[in-house]
Every structure is written in structure tokens, then in C-alpha cells.
Amino acid sequence: MAKRETSKTPLRVLSVASEMYPFVKTGGLADVVGALPAALRQHGVEVTTIIPGYRAVLPKTKAASKHQGDLITLAQGDAGGSGLVLAANVPAAFDRAGGPYIDENGFDHPDNLSRFSTFAQRAAEVAAGLYRDLSAFDIVHAHDWQAAAVVGHLHHILKGRPLPTVFTIHNLAFQGRFGGECFQDVGLPASYFDRDWFEFYGDVSLLKSAVLRATKVTAVSETYAAEICGPAQGFGLNELLAGRGADLVGLVNGLDTAVWDPETDPALPLTYTSRTAAKGKAAAKAALQSQFSLETSAEKPLFGLVSRLSDQKGIDLIAAQIDGLVFRGAQVVILGSGDPGLAASLAAKARQHPTQVAFTEGYSEALSHLIHAAADFLLVPSRFEPCGLTQLSAQRYGAVPIVSPLGGLVDTVIDANPAALRAEVGTGIILRSVDPEGLGTALNRALALYNHDPEAIAQVIENGMSADVGWHASAAGYAALYRSLL
Ligand code: ADP
């Protein structure tokens with residue numbers, strides 16, 4: 001465990017993000033932003049978080065229903081919880097139907113550039129101490145493209161006087177890129193539409209401005225930090241990223257082990273520890289089979305998938321393997337939402353094998369937790385993966401993760417090859433390549449372990465359940481990074 005920081009005055013960080021669990025979540029970004037405040041408090045860092053005041057996060061009580069004021073307090077920042085959480089109240093931008101980024105019909109909100117630039121401007125003003133009784137912060141930590149413009153706005157507000165900024169890339173595929181003619185929506189003088197700031201091949205790129213100008217840039221795993229400096233994963237920003245040299249740092253995400261704890265999880269029929277995992281997981285499997293009218297069988301290996309349905313996540317590769325898995329006696333349970341074409345292909349597989357395959361299109365924390373508990377294996381064959389969280393939650397719940405050989409997946413899973421089994425350190429199965437053959441071979445290995453080597457698979461489950469998938473190490477890393485900037 002990392003050494004505790006002894007400094008008496010806490011360092012004050014403003015975390016700026018478009019999602020934060022439990023207030024609003026579409027993916028891992030929310031989990032990370034939600035977990036960091038408590039993890040960092042142990043290192044003498046006091047985090048205040050600001051998110052957009054989406055309709056879904058605004059207080060629903062009558063007294064608060066007018067949503068007056070520019071900032072709304074969502075959480076007060078008690079000692080054990082999430083820290084102070086503020087919502088930037090900009091009704092014209094955020095008090096509307098739909099999700100954070102897309103409308104009810106699945107299209108991007110057309111004014112996303114101005115929505116998130118306004119949010120970033122408000123956050124910069126808070127950081128600079130221009131709001132209420134909040135004095136200026138020591139450091140601003142912005143996450144992903146939706147918060148990236150905070151670096152430019154802060155520069156503008158403070159007229160170039162430095163306030164250190166950390167910018168974290170959770171997924172380089174999303175860059176906040178808009179036509180150059182829209183630059184005025186960023187809300188900054190035209191001089192910022194420049195190669196040194198927001199201009200990128202004639203377009204506006206919010207992400208690029210922060211990649212170039214934040215004091216430090218972090219990526220959510222060491223391997224991903226290296227991968228994005230190359231053309232294959234750099235999405236056109238690789239040279240800029242490589243140019244940041246030692247100012248680009250990889251810090252792997254952790255899991256909120258209070259939210260993901262099979263010992264206390266209310267979503268499970270029977271809670272369990274690593275000692276009682278066999279019983280707890282059997283109860284979860286029976287519950288899941290009954291919920292989806294699958295054949296009731298304790299023996300059949302169950303493969304789980306909880307994911308956004310997108311090309312990134314290799315969902316098409318999984319769909320192509322389902323017939324073979326069922327033929328070899330396995331069951332598959334899938335929870336996901338996203339690409340309608342991928343959803344249709346999974347729904348077709350569930351109709352084809354109604355007693356062995358279940359597909360739920362949608363988003364459900366409770367079902368996700370139950371699948372983690374019930375599954376013998378959890379599938380993560382991503383084409384790229386900045387960090388990934390489900391391979392961590394899978395380990396914690398005793399579901400053996402089957403993952404691609406890249407990004408944060410290789411930083412958090414140890415392949416259970418014969419040498420690792422001998423050394424008793426394996427925690428999952430790593431594909432040799434992200435293609436049908438690579439996934440097929442990995443599934444064969446999984447079935448061989450499950451069917452023929454009960455001791456080995458018990459060892460892999462036990463290793464995964466006792467692995468340190470929490471925040472200790474990386475929170476210490478962030479705290480050290482912040483302090484290096486003062
Ligand atoms: P990404 O952020 O790229 O979607 P991550 O693995 O980093 O992928 O994080 C995804 C998070 O969202 C995990 O906590 C995962 O359990 C959760 N998640 C994804 N899809 C769903 C869903 N349909 N229902 C519930 N949770 C989901």
C-alpha cells in the first residue's frame with residue numbers, strides 16, 4: 001500500500017469532467033471521476049468536482065426546482081464521500097432531454113461545441129476563484145475532450161499567469177473536433193484559433209488544445225500512453241503526444257472497490273468472499289439463468305459481456321463465436337447498448353439459442369453486477385482499450401477476464417499460461433491477436449481450463465479476487481504528479 005501523505009494543508013484540486021458516478025455515467029470516465037476524490041483524500045489532496053448541470057443531475061426537490069444560481073451543489077463534501085460536487089447550471093446547454101452527448105434520437109446534440117465550451121469556461125472561472133466563497137484552486141484536472149477547453153479558458157482568464165493543469169485522456173478516439181467556422185462557439189478570442197491552441201488542420205479540436213497546452217497530460221494506462229505516441233493508435237495526434245516527452249504520463253485506472261465488492265453487493269442473491277466464491281457464484285448463476293429463462297445448469301461455463309456496443313469493443317468478434325460456444329456447451333449472457341447493428345446481431349443470436357444465450361439491450365448497474373458474479377469468464381476483446389474497467393471488476397468478482405493484448409488490458413491482467421500457472425500468478429487469458437483466430441484460441445483455452453483443470457481455474461479465480469485492483473497505487477501517482485507542479 002502507498003505511503004500516506006503527511007502534509008497538513010491539503011492540496012486543492014478542481015476536477016472537471018462531463019460524467020461522474022453516481023450522478024451521471026455513460027462509461028468508465030464516470031467511474032474514475034467518481035472514485036478519485038476519496039482515493040486522493042488519503043494522500044492529502046482535497047478534490048472538488050464540477051460536472052455539467054444536466055437535467056438528470058439537477059436536484060428534484062421543489063425548493064431547488066428553479067435551479068437558481070450558476071453553481072448547484074450536488075454533494076457537500078463530507079469526510080468519507082465524493083468531496084464537494086458542483087453542477088454548472090447552464091439551462092440552455094444542459095437542461096434538456098436526451099443523454100449527455102446525444103439526443104433522444106441518438107444524434108449528437110448539434111451544439112455540443114458551445115455546450116461543453118461554456119461548461120469549460122464556467123469551470124475555469126471556478127478554478128480561478130471567481131465564484132461564491134470558493135477561493136482559487138491549486139491545480140485543475142480536466143478529463144477528456146468535453147473538459148479540455150478549460151485549459152484555454154483558464155489561460156485567457158488569468159492572462160497567462162500559470163495555474164497548473166493536468167489533462168487526462170480516457171479515450172483518444174473522441175476528440176471534440178468541429179468545423180473551423182464554429183470557433184466562436186468556444187467563447188475565446190480569435191487569436192486562440194491558432195496552431196498553438198485549438199486549430200487542427202483547419203478544424204477546431206478541443207482535445208488537441210489540452211494535449212498541447214496542459215502542464216501535464218496523463219493517459220489511463222502506461223501501455224496506452226505509449227501506444228498513442230504511434231500512428232496506429234494516435235488518431236492523428238501521435239506526433240503532438242510524442243512531443244510532450246516526459247510530460248505525458250501513464251497512470252492506470254483503479255476500481256472503486258466499495259462499489260464493486262462481492263462481500264456486500266446488494267445486487268447479488270448471495271454475497272461472497274474468495275473463500276465462499278464457489279457458493280456465491282453458483283447462486284448468482286442460478287439467479288441469472290432463471291431471470292433469462294436459460295437452461296438451469298451449474299456445470300455449464302457461462303461467458304459474460306457488459307459493454308458499450310461499438311467497433312472498439314470487438315463485439316462483432318464475439319457475435320461470430322456464439323454458435324461455437326453454444327455448440328461446445330457454454331452459455332453467453334450479454335448486457336450492452338450502443339450501435340444498433342451490433343445490437344441486432346446479438347439479439348438474433350439470443351433468438352437462435354433461447355435457452356443458452358441472453359441479450360439485454362440497455363444499461364443496468366444491478367444486472368451488470370449480477371453478470372459479473374454469475375460469469376465464469378468475462379469477454380473484453382477490444383480493438384483498442386485505454387484502460388478498461390470490466391477486466392478489473394471481473395477479477396474482483398471471480399470471473400476470469402478474456403482480454404486483448406493491448407492498452408490497459410495488458411497492464412492489469414496476467415495471462416494464465418503454463419509458466420504463470422506454475423508461479424501461481426495468472427489472473428486471466430490474453431488473446432494473441434485481436435481477430436477471429438485470436439479470440440477462438442483464447443476461448444479454447446478458457447474451455448480447456450474450465451472443463452479439464454479445475455485446480456488451475458480455481459487458482460486463477462483466487463489470484464484475480466486477491467489482486468490489488470483498487471486505487472491505492474494510482475492515487476499516489478496522481479498526488480505525486482500534482483505536487484510536482486507546485
Ligand atoms: P468505456 O469507458 O470505454 O465504455 P470501460 O471498461 O472503461 O469502457 O468502462 C465501462 C464502464 O461502464 C464499466 O463500469 C462497465 O461495467 C460499465 N458499463 C458498460 N456498459 C454497461 C451497461 N450496458 N450496463 C451497465 N454498465 C455498463
Side-chain angles (χ1 to χ4, degrees), residues 17-36 99-102 143-146 168-174 219-221 223-224 227-228 233 235 251-262 265 267 288 304-315 318 333-340 342-343 346-347 358-375 378-397 399 401-404 406-413 428 469-471 474:
S18 59
E19 302 182 21
M20 180 188 196
Y21 181 86
F23 302 101
V24 53
K25 167 170 165 175
T26 74
L29 167 66
D31 293 318
V32 173
V33 173
L36 267 176
Y101 320 122
I102 55 177
H143 301 265
D144 271 355
W145 73 264
Q146 298 91 339
T168 294
I169 299 167
H170 296 259
N171 192 337
L172 194 63
F174 304 108
V220 289
S221 67
T223 299
Y224 191 62
E227 286 171 350
I228 57 179
Q233 301 271 10
F235 288 96
L251 283 168
V252 75
N253 285 336
L255 189 71
D256 189 329
T257 49
V259 174
W260 289 96
D261 185 357
D265 193 331
L288 197 67
L305 170 69
V306 178
S307 179
R308 283 190 291 120
L309 303 180
S310 77
D311 184 58
Q312 175 194 339
K313 301 292 183 178
I315 307 296
I318 293 172
V333 176
I334 300 169
L335 167 64
S337 62
D339 183 299
L342 292 170
L346 296 171
F359 169 53
T360 302
E361 187 174 1
Y363 190 94
S364 163
E365 290 287 336
L367 179 56
S368 164
H369 283 233
L370 181 62
I371 292 174
H372 279 75
L378 202 98
L379 298 162
V380 198
S382 306
R383 292 198 164 86
F384 64 93
E385 195 56 80
C387 180
L389 289 174
T390 52
Q391 81 281 10
L392 301 179
S393 40
Q395 288 175 58
R396 185 130 166 99
Y397 278 55
I402 299 178
V403 307
S404 298
L406 43 77
L409 299 172
V410 288
D411 293 355
T412 53
V413 173
V469 293
W471 268 106
S474 289

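Both counts, for ligands and for their atoms, begin at 1 and track the order of listing.
Interface atoms of ligand 1 facing Arg308, defined by a heavy-atom separation under 4.0 Å, are 1 (P), 3 (O), 4 (O), 20 (N). Residue Thr390 has at least one heavy-atom neighbour below 4.0 Å for each of these atoms of ligand 1: 6 (O), 15 (C), 16 (O). Which parts of ligand 1 touch Asp31 is read off a 4.0 Å heavy-atom cut-off, strictly below it: atoms 11 (C), 13 (C), 14 (O). Residue Gly336 approaches ligand 1 through these ligand atoms, each under 4.0 Å from one of its heavy atoms: 23 (N).
In terms of polar-atom proximity, defined here as any N/O pair under 3.5 Å, Glu365 makes no such contact with ligand 1.
Residue-level proximity to ligand 1 for Ser307 is carried by the backbone, the only part with a heavy atom below 4.0 angstrom. With a 4.0 Å heavy-atom cut-off, ligand 1 is reached by the side chain of Lys25 but not by its N, CA, C or O.
Taking the six-membered ring where tryptophan is involved, the planes of Trp145 and Tyr101 are tilted, since the angle between them lies from 30° to 60°. Note: His170 and His143 have tilted aromatic rings, judged against thresholds of 30 and 60 degrees for the angle between ring planes. Aromatic ring orientation, Trp260 versus His369: parallel (interplanar angle below 30°, classes split at 30° and 60°).
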- Start with the C-alpha gap between Trp471 and Val32, add the side-chain angles, then the distance that decides, and say whether side chain to side chain contact (heavy atoms under 4.5 Å, CB included) holds. CA-CA 9 Å; Trp471 268 106; Val32 173; 3.7 Å; yes

- Evaluate side chain to side chain contact (heavy atoms under 4.5 Å, CB included) for Lys25 paired with Asp31, printing each intermediate quantity in order. CA-CA 8 Å; Lys25 167 170 165 175; Asp31 293 318; 2.9 Å; yes

- Message: With salt bridge (Lys or Arg N to Asp or Glu O under 4.0 Å) as the criterion, how do Arg308 and Asp339 come out once you've worked through the C-alpha distance, each side chain's angles and the decisive distance to 0.1 Å?
- Response: CA-CA 8 Å; Arg308 283 190 291 120; Asp339 183 299; over 6 Å; no

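Contact annotation: Ser364 has at least one heavy atom less than 4.0 Å from an atom of ligand 1. For Leu335, the heavy-atom gap to ligand 1 drops under 4.0 angstrom.
Nearest residue to atom 2 (O) of ligand 1 from Gly28, Ala173, Ser368 is Gly28 (criterion: closest heavy atom). Closest heavy-atom approach to atom 8 (O) of ligand 1 within the set Glu361, Gln391, His369, Lys313: this belongs to Lys313.
Among protein heavy atoms, the minimum distance from atom 23 (N) of ligand 1 is reached at Gly362 O, 2.8 Å. Protein heavy atom at the shortest distance from atom 6 (O) of ligand 1 is Leu389 N, 2.9 Å. Scanning the protein heavy atoms around atom 22 (C) of ligand 1, the nearest turns out to be Tyr363 CD1, 3.3 Å.
Distance check: Leu29 CG to Phe174 CZ gives 11.0 Å after rounding to the nearest 0.5 Å.
In summary, the side chains of Tyr363 and Glu365 do present a donor paired with an acceptor at a separation below 3.5 Å, with no hydrogens or angles considered.
Note on residues 380-392: pairs passing salt bridge (charged side-chain N to carboxylate O under 4.0 Å, His left out), not counting sequence neighbours, are Asp311-Arg383, Lys313-Glu385, Asp316-Arg383.
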